[in-house]
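Every value quoted in this text rests on a predicted model; they were computed, and no experiment measured them.
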Amino acid sequence: MSGAGGGQGGPDAVAPAGPDAGASQRNGAGPSRESRAPARPRETLEAFFEAENGRDWEVYAGFLHPDVEWTVGGRTITGREDYVRAMRAAYAGSDVRFRVHQSIESADGRVVATLLVDSEGRRSLDVFELSGGVVVREWEFLLGAGPDWDGEAVPAA
């Protein structure tokens with residue numbers, strides 16, 4: 001889960017997601033990742049985070065590999081549908097947003113480490129492995145609130 005722990009629910013709370021996360025509920029055709037995905041991994045993650053902050057779960061799902069693995073709090077969630085379901089639940093009823101404080105990309109561009117801070121000052125270190133323009137793995141380490149991390153620089157929703 002990106003965003004310094006997301007909203008209120010955490011990874012154990014789940015909400016319904018359609019059988020084809022990322023597809024439009026109206027016409028069954030989701031946004032084409034190829035037509036909108038930036039080329040560089042950090043740019044891809046910026047768009048991924050923008051979708052998360054905007055709660056645009058259809059666009060968000062398009063940045064995830066169908067068999068994505070997300071490890072957080074000693075638990076691994078596998079698959080795009082379960083990942084999106086957990087994210088939707090974590091943010092249910094929450095207007096928490098986050099920003100990237102720092103990111104570092106590996107030389108081969110496959111791995112990006114990000115330090116995120118949310119609007120309540122909570123921090124997380126998220127490490128993403130990307131392949132073919134999508135997230136295939138995420139390791140999230142929740143760091144909690146820290147001194148001088150009040151989240152004031154995070155714009156309100």
Side-chain angles (χ1 to χ4, degrees), residues 1-7 9-12 17 20-23 30-91 94 96-155 157:
M1 168 188 325
S2 315
D12 292 324
D20 184 15
S32 169
R33 187 182 74 251
E34 291 76 20
S35 66
R36 64 162 170 69
R40 300 289 304 157
R42 277 199 260 188
E43 292 170 347
T44 297
L45 288 177
E46 286 173 16
F48 179 65
F49 297 151
E50 182 177 320
E52 183 175 342
N53 274 326
R55 311 304 191 260
D56 189 339
W57 304 121
E58 290 181 19
V59 170
Y60 186 81
F63 288 103
L64 299 170
H65 186 277
D67 298 319
V68 63
E69 292 182 2
W70 166 36
T71 301
V72 59
R75 179 175 176 215
T76 298
I77 295 171
T78 303
R80 180 188 303 155
E81 291 178 30
D82 287 343
Y83 187 119
V84 172
R85 185 177 299 124
M87 292 300 292
R88 290 175 57 140
Y91 281 111
S94 172
V96 170
R97 295 173 51 86
F98 66 93
R99 67 177 171 82
V100 175
H101 177 73
Q102 184 175 17
S103 67
I104 301 168
E105 186 175 321
S106 66
D108 65 5
R110 289 183 46 103
V111 177
V112 179
T114 60
L115 178 58
L116 305 173
V117 60
D118 74 13
S119 51
E120 296 179 356
R122 293 176 299 208
R123 302 160 300 148
S124 68
L125 173 64
D126 296 71
V127 180
F128 296 89
E129 180 182 344
L130 294 96
S131 179
V134 296
V135 175
V136 295
R137 283 190 192 85
E138 176 185 0
W139 296 269
E140 181 172 7
F141 304 93
L142 302 174
L143 306 174
D148 303 322
W149 292 85
D150 59 14
E152 287 183 18
V154 179

request  = Could you grab the distance from atom NE2 of His65 to atom CD of Glu129, nearest 0.5 Å is fine?
outcome  = 10.5 Å

query = How close do Arg80 and Val68 get, heavy atom to heavy atom, and via which atoms?
reply = N-CG1, 3.7 Å

request  = Using atom types as modelled and distance alone, determine if a side-chain donor or acceptor of Asn53 lies under 3.5 Å from a backbone N or O of Phe98.
outcome  = yes

task = Taking all non-hydrogen atoms of both residues into account, name the closest pair between Leu142 and Ser124 and its distance.
result = CD2-CB, 4.1 Å

Straight-line distance of His101 NE2 to Thr114 OG1, nearest 0.5 Å = 11.5 Å

query = Run the side chain to side chain contact (heavy atoms under 4.5 Å, CB included) check on Val100 and Leu115 step by step: do they pass?
reply = CA-CA 6 Å; Val100 175; Leu115 178 58; over 6 Å; no

request  = Kindly give the heavy-atom pair with the smallest separation between Tyr91 and Glu52, and that separation in Å.
outcome  = OH-OE2, 2.6 Å

key: CD on Glu50 to CZ on Phe63, rounded to 0.5 Å   = 8.5 Å

Pairwise distance CH2(Trp139) to OG1(Thr76) - rounded to 0.5 angstrom = 10.0 Å

query = Is there a donor-acceptor pair closer than 3.5 Å between any side-chain N or O of Arg42 and the backbone N or O of Ser103?
reply = yes

note = Heavy atoms of Thr78 and Asp82 approach each other most closely as O-OD2, 3.5 Å

query = Quick one: does Arg123's side chain have a donor or acceptor within less than 3.5 Å of a partner on Gly121's backbone?
reply = no

key: Approximate separation, where rounding is to 0.5 Å, of Leu64 CG and Glu81 CD   = 11.5 Å

ask   = With under 30° as parallel and over 60° as perpendicular, where do the rings of Phe48 and Tyr60 fit, or are they tilted in between?
value = parallel

task = Would you name the heavy atoms of Gly109 and Pro41 that are closest together and state the gap between them?
result = O-CG, 2.9 Å

message = Return the CZ to CZ distance between Arg55 and Arg88, rounded to the nearest 0.5 Å.
response = 12.0 Å

message = Please find the pair of heavy atoms, one from Leu130 and one from Thr44, that lie closest to each other, and give the distance.
response = CD2-CG2, 3.9 Å

